[in-house]
Amino acid sequence: MSALDFTGTSASHDLLAGLNEQQQASVLAIDGPILVVAGPGSGKTRVLTHRIAYLMEVEGVPGDRILAVTFTNKAAREMRARIEQLRHGRPLDGVVMGTFHAFGARLLRENPGVVADRLRILPQFTIYDTADQAEIVKAALTSLGLDPKLFQPRRILGRISAAKSQLITPDEARNLAETYDEEVIARVFKEYERLLRRANALDFDDLLTQPIHLFEEAPHLLERYQERFQHILVDEYQDTNRVQYVLVSALAERHRNLFVVGDPDQSIYGWRQADIRNILDFEKDYPDARQIHLELNYRSTARIVEAADRVIRENVARIDRRLRTDNDEGEPIVLRELTDQAHEAQFIADEIRRMAQFQDVAYDDIAIMYRTTAQSRALEEALRFRGLPYQVVGGVRFYERKEIKDVLAVLRLLHNPADTVALERIIGNLPMGRGLGPRALEAITTWAAAERRTMLDGFLAVAGRGATETAPALSGAARSAAQRVGATIAGLHEMLIDEPLTALFDAILDRTGYGATFDRTEEEDLDRWANILELRSELERLGDDAARETLPQYLERVALVADVDTLDTDERGRVTLITLHSAKGLEFPVVFVAGVEEGLLPISRAIENEHLRPEELEEERRLFYVGMTRAERLLYLTYVSSRATYGKVGYSVPSRFLTAIPNHLVRSLGRRGSLRTEGKAGLRDRVRGEPPPAVAAPAPPVVTYQAGQKVFHPKFGEGVVREATERAGDQEVAVEFVRHGTKRLLASLAAMETLD
DNA sequence: GCGCGACTAGGCGGG
DNA sequence: CTAGTCGCGC
């Protein structure tokens, strides 16, 4: 045996060591399409990292022939680091690893010539975020003479995005339109696209659809990439949408080595058009696909695994599987009711403090998860009050803060002179735009349209810095203001050539007058100023190269950061506050899920649509499942009896999802912290005690049901009891409702009346 | 065209 | 509650 062979075998052993049979199979299945269905905590990331290392080390696949798509930049970074570790520190050169959106942007930037010629998109295109998109929708509505109140921009935007992520063009949307509303949306869609192109801007959907158009327009490019990517791996496959699927399958066509990993039970992005069919139909589209199941959970205690499994099994639209573990029982899941969200936050904070003090739990081992970002405030307050360190993931994102967007608008405009949203933002928010109102802007827009120039050209022309013979017709105050703007932008633009970004940044704050608007004695302004400084230090880190060089990459990175990307896992000693959505893919020894209530989890909208769109409710359940399965050792579920939303106090009921968790896995804590061993009985008592004490109604008598009995349910209407079984001092009844089919309910929870 | 207080309408998640 | 819009006087 040659030395070379020996090395190969050793590397192979190295990379398979510690993997179970299915995991090994996933690493070793080199050729052809493979679908790995991986339950939570089943070692999916290990499989991906080991597989890539194996491809390179053992199979000798060059790095640049591998494409790995992850859900977040953070996941890509971590995967890269882990693979380098597996390769004993050797760097992972060439491997393309990142989100779909980053990859899409890269494809477009890599082919500036074709992109400009065929797609009419210039290489310095701006990536518009949701707020920018909404501005374009508003402009489109105005241009079509439609009332933004009748057609809410955010709703329209959602519809446009949905169409785009299914590769539907404006014209197709028009043909598909069945209602007046849909027809209007199609018209706005068309205008939206026109305005976007004119601003040389792309929205997030474009980052996926435009590469597809690029490949349609230039098949030779597609062939080149098809040839290049010998192996394609996709993580979180259950959350990919139609466009992503089309893109990936186009690229995989040549070598057919498409390796996708996902879990239908963790699909939580339906609202972003994630198409679960991508995973369910994988074998239909790839008849030769192999399917590997990873069902053994290594992450959580047996109690957590069983509880989560019970919860998810309530979903109807689901492939029947069972999540298992060999881990020890662990501690019971703690279920806790609190009176309101302030108490909930206090309870959580006190538990954290107690654990840190007496059980030596590190703060960064703890996460608090919730359905809506609004919930984080009360939690933050409680933690701050006790001096407990924490970090919030998400919420108002740094790059979406007003002061940050204001400054970035100038940088964006300098980079892409056609960026009208940035320009209008500058005019509206920076002192240099004072004196310019809708009328002046309209005059400039009209001029720009007639001259086939950008709005910025209009300002430059007024300032005598333009390349045109005419200039927009402005007079008086508006004229001098426009001159000021034009001259300032022209001056800043010159700095791009050889000044570093920080110098440019300082000049922006100075010359636009924006820096002077901060009152350093006001607390709020001080906060905003701190953000400005944070932005500056970020630019400082980019070095002293000319802004011309560093700005493009900076703007792209800013546009594509995800909330979780900002999560600092290296930073020791801080509790993580995070939404359930962002928590996907993460794990923590201790997890609190707060607000496990009807209306919040599941969210009220899903409840309202319960009968029309039951899949929304199932997605909520999956979201809860994702949250539960983040926990390794300890899981706390809390809910409150009264929650204030928008200043109004409402009474809440524990989430229906909780009823699926068997008693023996749970330890319920009573309101005063007294430890009571109780499961559903306790839950039931508290649900019953839900009305305000002052008007407390007498508890309804405990009814026992029997098969054949006619009942009336407040929501489901009339039905007949088909089956009634005793369960933990309660009854589980299967009722066949006239209008809603058969439901399994707990007698104590379902406020049904008997009709006989 | 600006800045102020009054009013109201959201009512989720995010690359 | 809070961001965004409206209508007013300057």
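Just so it is clear: chains get the letters A, B, ... in the order the sequence lines come, proteins before strands, and each one is counted from 1. Here the structure is a predicted model, which means the values were calculated and not measured.
- Few gaps surround CZ on A:Arg77; more than 12 heavy atoms of other groups in view lie less than 6.0 Å from it.
- Atom CD of A:Glu598 and atom P of B:dC12 are 15 Å apart (whole Å).
- You'll find that the side chain of A:Ile603 is closest to B:dC12, out of B:dG15, B:dC12, B:dG13.
- Among C:dT2, B:dG13, B:dG15, the nucleotide with an atom closest to any side-chain atom of A:Thr372 is B:dG13.
- Comparing B:dG13, C:dT5, B:dG15 against the side chain of A:Arg605 picks out B:dG13 as the nearest.
- Both cation-pi conditions hold for A:Arg109 and A:Phe125: the charged atom is under 6.0 angstrom from the six-membered ring centre and inside a 45 degree cone around its axis.
- Residue A:Thr373 is classed as a sugar-phosphate contact, given heavy-atom separations below 4.0 Å to backbone atoms only.
- Nucleotides C:dC6 and B:dG11 place their C1' atoms 23 Å apart, quoted to the nearest Å.
- When each of A:Leu436 and A:Ser582 is assigned the nucleotide of DNA chain B bearing its nearest heavy atom, the one mapping closer to the 5' terminus is A:Leu436.
- Across the protein-nucleic acid pair, A:Ile607 atom CD1 and B:dC12 atom C1' stand 12 Å apart, rounded to whole Å.
- For A:Gln152, whose side chain is taken as the heavy atoms from C-beta onward, the closest listed nucleotide among B:dG15, C:dT2, B:dG10 is B:dG10.
- Using a 30° and 60° split on the angle between ring planes, A:Phe103 and A:Phe229 fall in the perpendicular class, above 60°.
- Across all strands shown, A:Arg155 has no heavy atoms under 4.0 Å from either base or sugar-phosphate atoms.
- Checked by atom type, the side-chain pair A:Asp275/A:Tyr245 shows no donor-acceptor distance below 3.5 Å.
- Nucleic acid contact for A:Ala644: none, since no nucleic acid atom lies under 4.0 Å from a heavy atom of the residue.
- For B:dG15, one of the phosphate oxygens OP1 or OP2 lies less than 4.0 angstrom from a side-chain nitrogen or oxygen of A:Arg397.
- Rounded to whole angstrom, the span from the CD1 atom of A:Ile427 across to the P atom of B:dG1 amounts to 12 Å.
- Taking atom CZ on A:Arg371 and atom C1' on B:dG14, their separation rounds to 11 Å, with Å as the unit.
- Look at the C1' atom in both B:dC12 and C:dT5: the space between them is 23 Å, to the nearest Å.
- Rounded to an integer number of Å, the gap from CD of A:Gln273 to C1' of B:dG13 is 13 Å.
- Looking at which nucleotide of DNA chain B each of A:Arg272 and A:Arg434 is closest to, the 5′-most match is held by A:Arg434.
- Rounding to whole angstrom units, CZ of residue A:Arg557 and C1' of B:dG15 are separated by 16 Å.
- Atom-to-atom, CG of A:Leu430 to P of B:dC2 comes out at 13 Å; the value is rounded to the nearest Å.
- Distance A:Trp271 CH2 to B:dG11 P: 13 Å, rounded to the nearest Å.
- Using cut-offs of 30° and 60° for the angle between ring planes, the A:Phe71 and A:Tyr269 rings count as tilted.
- The residue A:Asp203 sits apart from the nucleic acid: no heavy atom pair falls under 4.0 Å.
- The phosphate of B:dG14 has OP1 or OP2 within less than 4.0 Å of a side-chain N or O from A:Thr579.
- Contact check, A:Arg154 against B:dG14: no side-chain N or O comes under 4.0 Å of OP1 or OP2.
- For A:Ala440, the side-chain atoms get nearest to B:dG1 when compared with the rest of B:dG10, B:dG1, B:dG15.
- A:Gln341 and A:Arg643 are linked by a side-chain donor-acceptor pair at a separation below 3.5 angstrom, with hydrogens and angles left out of the test.
- Taking a centre distance below 5.5 Å and an interplanar angle below 30 degrees as the stacking criterion, A:Tyr269 does not stack against the six-membered base ring of B:dG13.
- Nucleic acid contact for A:Thr645: base, since at least one base atom lies under 4.0 Å from a heavy atom of the residue.
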